[in-house]
Structure formats: structure tokens, C-alpha cells
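See below for the structure under consideration.
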Amino acid sequence: MEQTFVMIKPDGVQRNLVGEIVGRLEKKGLKLCALKMIQVSRDLAEEHYAEHREKPFFDELVGFITSGPAVAMIWEGLGAVQVVRRMMGSTNPQEAASGTIRGDYALFMGNNVVHGSDSLESASREITLFFQPEELITYTKALDLWVNG
Ligand code: IDP
Ligand code: MG
């Protein structure tokens, strides 16, 4: 089953949005496979956001993501990568649709509450970057049949 990497950024933790975001993903029917609170190091941040290394906002981005604790998670489900991207909304929270996480809870591009992998390849790379294999839990839920058809 498809898995994606999701991170509640330091602003989401500071603004007490952990339960709200986890709750939305749970209620959608996605399955939580791993979860931990982390303090992202500068090295990890630079590796995670390597594709943005040349962008003018890179230093600000690394500074922000390392500014406080974050919550790293792996969520699993049918089409999980794109489903989570749609639930997050556009990168710029001012343009993100109402009903999405960024559309409902953020205003500023730099503080947009949540990260989600943008492709299957990114998901695989980011899961490996943030988690050891033994941190992923494989289990069955009684509701799986009702959710996944
Ligand atoms: P994404 O998080 O929706 O995948 P990306 O383009 O991968 O968006 O950018 C990574 C993060 O960098 C964004 O979530 C946002 O916090 C930040 N960011 C993107 N573009 C800008 C910008 O123009 N100014 C400041 N921060 C930006
Ligand atoms: Mg991205």
C-alpha cells in the first residue's frame, strides 16, 4: 500500500495543531504507520530540502524548520501521496482552498504548518531520511476493509 511522509512543522506544533492535523488524516481513512516528535538538525533540514538549495528562501526555510520541535509521520493508504497533498492545499496558504489544512490554518508562505511528500519518489526518499526501518509498524485495522474496499 502507498505510503507518504508528513511532517507537522514547528509552527503547527507551537500553534497546537498536532491533534487537528492527525485527526484529519485519520478520519480520511489513512493509516498511521510511524510517528515521532523530532528536533530537525541543520544537516537533516538541508538534506530534506536539497532541491531548494539554490532558492533565495533556502536559509529562511532551514532556519524555520529547525526552529523548534516538529512531528514526523508516515501515513499509508490508497493514493496516499496525492491525497495528502490535496488535503494540505497549495504551498501559499493565501491561495490554498478553504477546507485544506493550509487554507484553514495558515497565512504566510514561510509558516505553512505542514509538509507532505510531492511524489512517490520523494516519499520513499523522505521516509528513509527521517525513519529507521524498525520505526515503521505494520498492522491490520478492523476498518481497513471498509475504507479500502
Ligand atoms: P511544498 O511544501 O508545498 O511542497 P515547496 O515548493 O517544496 O512547497 O517548498 C518547500 C517549502 O518552502 C514550502 O512549504 C514553504 O514553506 C517554503 N517556501 C516555498 N516557496 C517559498 C517562498 O517563495 N518564500 C518563502 N518560503 C517558501
Ligand atoms: Mg515540496
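Just so you know, ligand 1 is whichever comes first in the structure, and atom 1 is the first atom listed for that ligand. Residue numbers count from 1 along this sequence.
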Nearest protein heavy atom to atom 3 (O) of ligand 1, by residue and atom, and its distance?
Thr91 OG1, 2.5 Å
Does the structure place the NZ or CZ of Lys36 under 6.0 Å from the centre of the six-membered ring of Phe131, at an angle of no more than 45° from the ring's axis?
yes
If you measure only the distance, is there a donor-acceptor pair under 3.5 Å linking the side chains of Ser90 and Glu95?
no
Could you establish whether Lys55 and ligand 1 come within less than 4.0 Å of each other, counting only heavy atoms on the residue side?
no
for atom 22 (C) of ligand 1, nearest protein heavy atom and its distance come out as Phe57 CD2, 3.4 Å
Considering both backbone and side-chain atoms of Glu60, is one of its nitrogen or oxygen atoms within less than 3.5 Å of a nitrogen or oxygen in ligand 1?
no
When the ring planes of His52 and Phe57 are compared, do they come out parallel, tilted or perpendicular, using 30° and 60° as the limits?
tilted
Heavy-atom nearest option to atom 4 (O) of ligand 1, drawn from Met88, His115, Met109, Arg85:
Arg85
Evaluating non-hydrogen atoms only, which member of Glu51, His52, His48 is closest to atom 7 (O) of ligand 1?
His52
Yes or no: does Asp118 have any heavy atom under 4.0 Å from an atom of ligand 1?
no
Closest to atom 2 (O) of ligand 1 among protein heavy atoms sits Arg102 NH2, 3.0 Å
CG on Leu25 to CE on Met88, rounded to 0.5 Å
10.0 Å
Find all atoms of ligand 1 within a distance of less than 4.0 Å from any non-hydrogen atom belonging to Lys9, and give their numbers and elements.
13 (C), 14 (O), 16 (O)
Per-atom filter on ligand 1: closer than 4.0 angstrom to a heavy atom of Asn112 are 13 (C), 14 (O), 15 (C), 16 (O)
Check this for me, if you would: do Glu121 and Arg125 make a salt bridge, where the nitrogen-to-carboxylate-oxygen distance has to be below 4.0 angstrom?
no
Is it true that the side chains of Asn112 and Lys9 contain a donor and an acceptor less than 3.5 Å apart?
yes
For atom 11 (C) of ligand 1, what is the nearest protein heavy atom, given as residue, atom name and distance?
Leu61 CD1, 3.8 Å
Do the rings of Phe5 and Phe130 sit parallel, tilted or perpendicular, given the 30° and 60° boundaries?
parallel
Please identify each residue that fulfils salt bridge (charged side-chain N to carboxylate O under 4.0 Å, His left out) with Glu76, with sequence neighbours left out.
none
